[in-house]
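A, B, ... follow the sequence lines: proteins, then strands. Residue 1 opens every chain. Owing to the predicted nature of the structure, the values given are computational and were not obtained by experimental measurement.
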2 protein chains.
Amino acid sequence: MSSMDIERAQLTLFTELAEIARTLGSPHRLMLLQHVAQGARSVERLAELTGLSMANASQHLQHLKRSNLVATERDGKRVLYSIASGPINEVLGALTRLAEHQRAEIQSVISDSLTQRDRLEGISREELLERLRESSVTLLDVRPREEFEMGHLPGAINIPAEVLEEHLSMLPQDHEVVAYCRGPHCVLSTSAVDTLRQNGIKARLLDTGFPEWKAAGLTIETGA
Amino acid sequence: MSSMDIERAQLTLFTELAEIARTLGSPHRLMLLQHVAQGARSVERLAELTGLSMANASQHLQHLKRSNLVATERDGKRVLYSIASGPINEVLGALTRLAEHQRAEIQSVISDSLTQRDRLEGISREELLERLRESSVTLLDVRPREEFEMGHLPGAINIPAEVLEEHLSMLPQDHEVVAYCRGPHCVLSTSAVDTLRQNGIKARLLDTGFPEWKAAGLTIETGA
DNA sequence: TAATTATTCAATGGATTGATTGATTAAAGA
DNA sequence: TCTTTAATCAATCAATCCATTGAATAATTA
């Protein structure tokens, strides 16, 4: 193996990595990816969910496909896009943690925010299970009702993020609240945690979301 | 918190993520980042290491800086670039694993490669320590001699990747070999593992590199 | 102070990207 | 078969990106 070959190998690896990173380097594609990660969706639905035009959504989805981040399957006259196999969520999770770290670093200079520090430190699945067993926490699912009813973590109560502020009275003031939504890169529950804290409720964020919980083979409740 | 606010928060988060991903979306910037991750380097050195022109390297480095992936510090008439704090390696590691996963998936269709599967499964620090204690493995450092001499894992022998093929006789034929270099995103040791296997030596890849080992506070040897 | 070295800035041009529009293909139903 | 619906393709245009060039700035040395 000559050092020439090594350089070439380095270059091709970096080129591959760069290609993936580039594909992730568009807010619209990230939004599409996030929705696709919830389950197979048609182009039309994805366009609607993201507010993009059909043609534009289609092109972005094809871009994601070229990078092997999503897969397609035909269903009658529709084409369903679903997330590809592989550690895609890990990449998005790592990216999110990096972004949050950077944001925290900036904010810790600007503001003296006390909540900032531990907002990043989510609660782990293991700790959650332990705390649930001794019922010292309330588990809060902030996804839309329909998603909640399709399946949720056992014992969770559902208050969609968009109505959280008006339904704070449903939450116990003494217990700590652990919020979760779709995945580690879901922004809904971090804003939920902010809202809760601003209202004097002790709140933390589950470091995994519903899809991961399901993937880990843990028990799930359905219905309302 | 209205659902309008959520959408805006989503958008800004995704925009931030996309910006980081975009910055990583260039092979040249990834190369620069990899070198910078080894320690503080001047623009000139980095230009030389990557084969870029000074002005070009400088601009890419500034791009990396704008995304808070590197930091600068003046040293006399030179400007030293170093890696920023935060889980940057985690992102690169996750990206690399994703790329390798994709590559493996393609290759497992094309070729019937037996080695492909477990090449990805590196050996963990814990397992390595155990195996070293019972001296059932040989630890191989494939970085350039100078880096090796600055510090390496205890008990490792050094054969730089570019001369590995000519020095195979230095390696025991009966022991398993564990190769490592700089970090999980270092391509050197994966090519090293390939070379070794092609020559009938049982080889695996350490799932962390020297920087991580050092960061974990484990013992280090210096000198030749 | 002048000359040197290291880096950045500013301007240029070619290549690529992202969104829009309208045309085209594919499958299903009337 | 003709129409409808879902998705993709092709063409366009503005915006951005990347590398190059040469000039400008900053710190050091003669």
Side-chain angles (χ1 to χ4, degrees), chain A residues 11-12 14-36 39-83, chain B residues 11-12 14-36 39-83:
Chain A
L11 191 66
T12 56
F14 283 138
T15 306
E16 281 173 36
L17 295 192
E19 236 171 73
I20 298 175
R22 256 184 148 184
T23 304
L24 298 176
S26 142
H28 286 161
R29 281 195 291 270
L30 288 176
M31 288 171 89
L32 286 166
L33 196 55
Q34 204 224 16
H35 286 293
V36 159
R41 301 276 134 91
S42 69
V43 178
E44 190 174 35
R45 187 79 220 287
L46 289 166
E48 183 188 307
L49 286 166
T50 54
L52 300 176
S53 72
M54 281 267 299
N56 196 10
S58 175
Q59 296 197 145
H60 278 303
L61 287 165
Q62 284 171 67
H63 193 154
L64 287 166
K65 192 182 177 183
R66 252 175 276 132
S67 297
N68 295 309
L69 296 170
V70 299
T72 58
E73 160 199 18
R74 212 170 232 290
D75 166 37
K77 62 178 122 180
R78 295 183 304 170
V79 173
L80 300 182
Y81 278 83
S82 51
I83 195 145
Chain B
L11 191 66
T12 56
F14 283 137
T15 306
E16 280 173 36
L17 295 193
E19 236 172 74
I20 298 174
R22 221 151 199 233
T23 305
L24 297 176
S26 142
H28 286 160
R29 280 195 293 269
L30 287 176
M31 288 171 91
L32 286 166
L33 196 55
Q34 203 222 15
H35 287 292
V36 159
R41 301 274 134 92
S42 69
V43 177
E44 189 174 35
R45 188 78 220 287
L46 289 166
E48 184 188 307
L49 285 166
T50 54
L52 300 175
S53 73
M54 282 267 298
N56 196 10
S58 175
Q59 297 197 143
H60 279 305
L61 288 165
Q62 284 172 66
H63 193 154
L64 287 166
K65 191 182 177 183
R66 253 175 276 131
S67 297
N68 296 308
L69 296 171
V70 300
T72 59
E73 160 199 16
R74 214 170 230 290
D75 166 37
K77 63 177 120 179
R78 295 182 306 168
V79 173
L80 300 182
Y81 279 83
S82 51
I83 196 146

S.K.: A:V43 has a side chain; which of C:dT7, D:dT8, C:dG18 sits nearest to it?
M.R.: D:dT8

S.K.: Using salt bridge (Lys or Arg N to Asp or Glu O under 4.0 Å) as the criterion, list what pairs up with B:R45, not counting sequence neighbours.
M.R.: B:E48

S.K.: Could you list, one pair per line, each protein nitrogen or oxygen that sits under 3.5 Å from a nitrogen or oxygen of nucleotides 26-30 of chain D, together with the distance?
M.R.:
from	atom 1	to	atom 2	distance (Å)
D:dA27	O3'	B:G76	O	3.4

S.K.: If you take any heavy atom closer than 4.0 Å to DNA chain C, which residues from residues 59-66 of chain B end up in contact?
M.R.: B:Q59, B:Q62

S.K.: Is there a donor-acceptor contact under 3.5 Å from the side chain of A:T50 to the main chain of A:L46?
M.R.: yes

S.K.: Give the residues of residues 44-53 of chain A touching DNA chain C, defined as any heavy atom closer than 4.0 Å, sorted by residue number.
M.R.: A:S53

S.K.: Among all residues two or more places apart in sequence or in another chain, which pass the side-chain hydrogen bond (donor to acceptor under 3.5 Å, both in side chains) test with B:R78?
M.R.: B:D75

S.K.: Does B:S58 place a side-chain N or O at less than 4.0 Å from the phosphate oxygens OP1/OP2 of C:dT7?
M.R.: no

S.K.: Between D:dA7, D:dA19, C:dT7, which one does the side chain of B:N56 approach most closely?
M.R.: D:dA19

S.K.: Could you pull out all residues at least two apart from A:S82 that satisfy side-chain hydrogen bond (donor to acceptor under 3.5 Å, both in side chains)?
M.R.: none

S.K.: From D:dT8, C:dT7, D:dC18, pick the nucleotide closest to the side chain of B:M54?
M.R.: C:dT7

S.K.: Just N and O in the side chain of B:Y81: are any of them under 4.0 Å from OP1 or OP2 of C:dT8?
M.R.: yes

S.K.: Hey, which of these two, A:R22 or A:A55, hits DNA chain C nearer its 5' end, going by closest nucleotide?
M.R.: A:R22

S.K.: Can you tell me how far P of D:dA7 sits from CD of A:E73, to the nearest Å?
M.R.: 13 Å

